[in-house]
Amino acid sequence: MIDDKILVWKFNRGSKDALRRLYEKYKDDLLGSAITLLRDRSLAEDVVHDVFVSFAASTGTFHLTGTLKGYLATCVANCARDRNRLKSVRDVGLDAAEGLDSNADGPVESMVADEQARRVEALLGALPYEQREVVVLHLHHEMRFREIAESLGVSINTVQSRYRYGLDKLRSILNSMVTK
Amino acid sequence: MKPDENIEKFVKDAKPHVTTGRPMDKRTLDDSYAAMQETLRAKSAARKPGLPGMILGSRAVQLAAAAAVVIAAVSLFLGRGGHTPTGPTAEPRWAAESPAKMVSMMSLRAAYRQGGLDALDEQFRDTLNVLGPPPLGISSRELLENVN
């Protein structure tokens with residue numbers, strides 16, 4: 001976290017190098033979340049691009065209160081939500097998992113991990129956007145409920161409800177797949 | 001472990017690992033740098049100095065001020081005029097900043113004004129290359145030896 005504080009300090013003083021390092025640090029995680037939320041890689045890349053351009057324009061005035069990772073993840077979620085409202089999201093099934101890599105060793109482990117990631121992607125795609133958003137921010141970006149609530153501008157109870165209903169729905173989908 | 005028994009772990013473990021492509025990186029960084037430059041340019045344009053600012057910002061005034069600082073530093077370094085403390089209860093002579101330190105401040109300032117924080121970083125890196133790795137276990141006495 002101290003690294004981020006130093007980089008943000010430099011960024012606020014116009015350092016392009018600091019901006020580049022922040023981008024390289026978080027770009028993959030943010031793209032992954034955007035793909036999970038939008039299930040469209042091209043749209044996801046646009047969202048990450050817009051978030052960083054907007055962040056870059058805030059040089060000199062950016063004030064970090066929580067974690068930078070959480071802040072950027074929330075920006076991606078907000079931007080993705082706006083994109084989602086503008087157009088209907090195509091259910092592209094497994095194609096949404098295009099470009100997923102796995103850091104598991106060995107071809108068999110890699111295939112299993114990749115397959116699991118694809119399954120989870122498809123499952124999350126079945127959730128309403130608000131529930132998917134909270135699940136991704138909490139489980140993939142390790143943001144606390146309070147942090148998510150403040151970032152999204154809703155109550156913590158709302159966040160916790162969305163999360164609970166989201167997990168319940170995931171559980172019931174998995175159960176129905178197992179019993180078939 | 002069945003996924004429905006620990007759905008949170010199942011989702012967490014299957015976090016997607018994607019990597020961005022070079023075209024996306026280039027586009028994002030180019031546009032981000034442009035946005036940053038635009039913000040800095042707008043701020044600089046908005047900060048139009050008043051008459052005192054224009055006078056203080058002029059090159060001639062800055063050079064004169066820098067020369068005055070160097071002359072003052074050299075005079076102090078060569079010794080204070082007037083009272084020369086003597087006796088067992090005399091206060092220690094005040095140690096002035098060396099001219100070398102004044103010069104290094106000026107060069108850092110020039111680097112910053114020319115290229116911002118990135119140029120300052122580069123200057124620090126060049127300095128560190130010249131100084132080499134720090135000595136291990138340096139004592140306080142050794143540290144203070146080079147202060148004056």
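Order of the sequence lines sets the chain letters (A, B, ...), proteins ahead of strands, with each chain counted from 1. Excluded from the calculations below are hydrogen atoms, water molecules and symmetry mates; all remaining heavy atoms, backbone and side chain alike, are included. Nothing here was measured: the structure is a model prediction, and the numbers come from that model.
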Fill in the blank from the handout: When the 4.5 angstrom heavy-atom criterion is applied to A:Leu123 and chain B, the contacting part is side chain

Handout entry: OH-OG1 distance between A:Tyr23 and B:Thr28, expressed to the nearest 0.5 angstrom
Key = 4.0 Å

Exercise for the section: Start with the C-alpha gap between A:Arg20 and B:Leu29, add the side-chain angles, then the distance that decides, and say whether side-chain contact (heavy atoms from CB on, under 4.5 Å) holds. Expected result: CA-CA 7 Å; A:Arg20 179 188 56 77; B:Leu29 283 173; 4.1 Å; yes

Completion exercise
Turns out that what part of A:Phe55 lies under 4.5 Å from chain B's heavy atoms comes down to neither

Practice task
Say whether A:Phe62 and A:Val53 are linked into one hydrophobic cluster, either directly or through other cluster members, by side-chain heavy-atom distances under 4.5 angstrom.
Solution key: no

Problem - Heavy-atom side-chain contact between B:Met24 and A:His49 under 4.5 Å - result: no

Practice task
I would like to know whether B:Leu117 and A:Trp9 meet side-chain contact (heavy atoms from CB on, under 4.5 Å); could you show each step before the answer?
Solution key: CA-CA 10 Å; B:Leu117 213 53; A:Trp9 184 88; 4.0 Å; yes

Exercise for the section: Can you measure from CG (A:Leu174) to CD1 (B:Ile7) and round to the nearest 0.5 angstrom? Expected result: 4.5 Å

Problem - CZ/A:Arg81: more than 12 non-hydrogen atoms of other groups inside 6.0 Å - result: yes

Handout entry: Side-chain touch B:Ser32/A:Leu19, heavy atoms, less than 4.5 angstrom
Key = yes

Problem - Interchain contact, A:Val135 with chain B, by part (heavy-atom threshold 4.5 Å) - result: side chain

Completion exercise
So, the part of B:Asp25 with a heavy atom under 4.5 Å from chain A: the answer is both

Practice task
Say whether A:Val47 and A:Tyr71 are linked into one hydrophobic cluster, either directly or through other cluster members, by side-chain heavy-atom distances under 4.5 angstrom.
Solution key: yes

Problem - Validation row: A:Leu139, B:Phe10 side chains within 4.5 angstrom (heavy atoms) - result: no

Problem - Single-linkage hydrophobic cluster A:Tyr129~B:Val11, side-chain heavy atoms < 4.5 angstrom - result: yes

Practice task
Please check if atom OH in A:Tyr165 has more than 12 non-hydrogen atoms from other residues, nucleotides or ligands closer than 6.0 Å.
Solution key: no

Problem - Top contributor to chain B contacts, counting heavy-atom pairs under 4.5 Å, from A:Gly32, A:Ser15, A:Ser54, A:Ser33 - result: A:Ser15

Exercise for the section: Tell me, for A:Asp29 versus chain B, whether the close heavy atoms (under 4.5 Å) come from the side chain, the backbone, both or neither. Expected result: side chain

Handout entry: A:Leu124 with A:Tyr163, same ILVMFWY side-chain cluster at under 4.5 Å
Key = yes

Problem - Largest heavy-atom contact set with chain B, pairs under 4.5 Å, which of A:Arg13, A:Glu142, A:His138, A:Lys10 - result: A:Lys10

Problem - Validation row: B:Met36, A:Lys16 side chains within 4.5 angstrom (heavy atoms) - result: yes

Completion exercise
Interatomic distance, NZ@B:Lys43 vs OG1@A:Thr61, rounded to 0.5 Å, equals 4.5 Å

Exercise for the section: Can you tell which part of A:Thr36 gets under 4.5 Å to a heavy atom of chain B, answering side chain, backbone, both or neither? Expected result: side chain

Exercise for the section: Check whether A:Leu167 and A:Leu137 end up in the same hydrophobic cluster, where Ile, Leu, Val, Met, Phe, Trp and Tyr are linked by side-chain heavy atoms less than 4.5 Å apart. Expected result: yes

Handout entry: Pairwise side-chain contact, A:Asp17 with B:Glu122, heavy-atom cut-off 4.5 Å (strictly under)
Key = no

Handout entry: Chi angles and distances behind the side-chain contact (heavy atoms from CB on, under 4.5 Å) call for B:His17, A:Asp28
Key = CA-CA 7 Å; B:His17 295 283; A:Asp28 293 338; over 6 Å; no

Practice task
Look at B:Arg27, B:Lys12, B:Glu38 and state which one has the largest set of heavy-atom pairs under 4.5 Å with chain A.
Solution key: B:Arg27

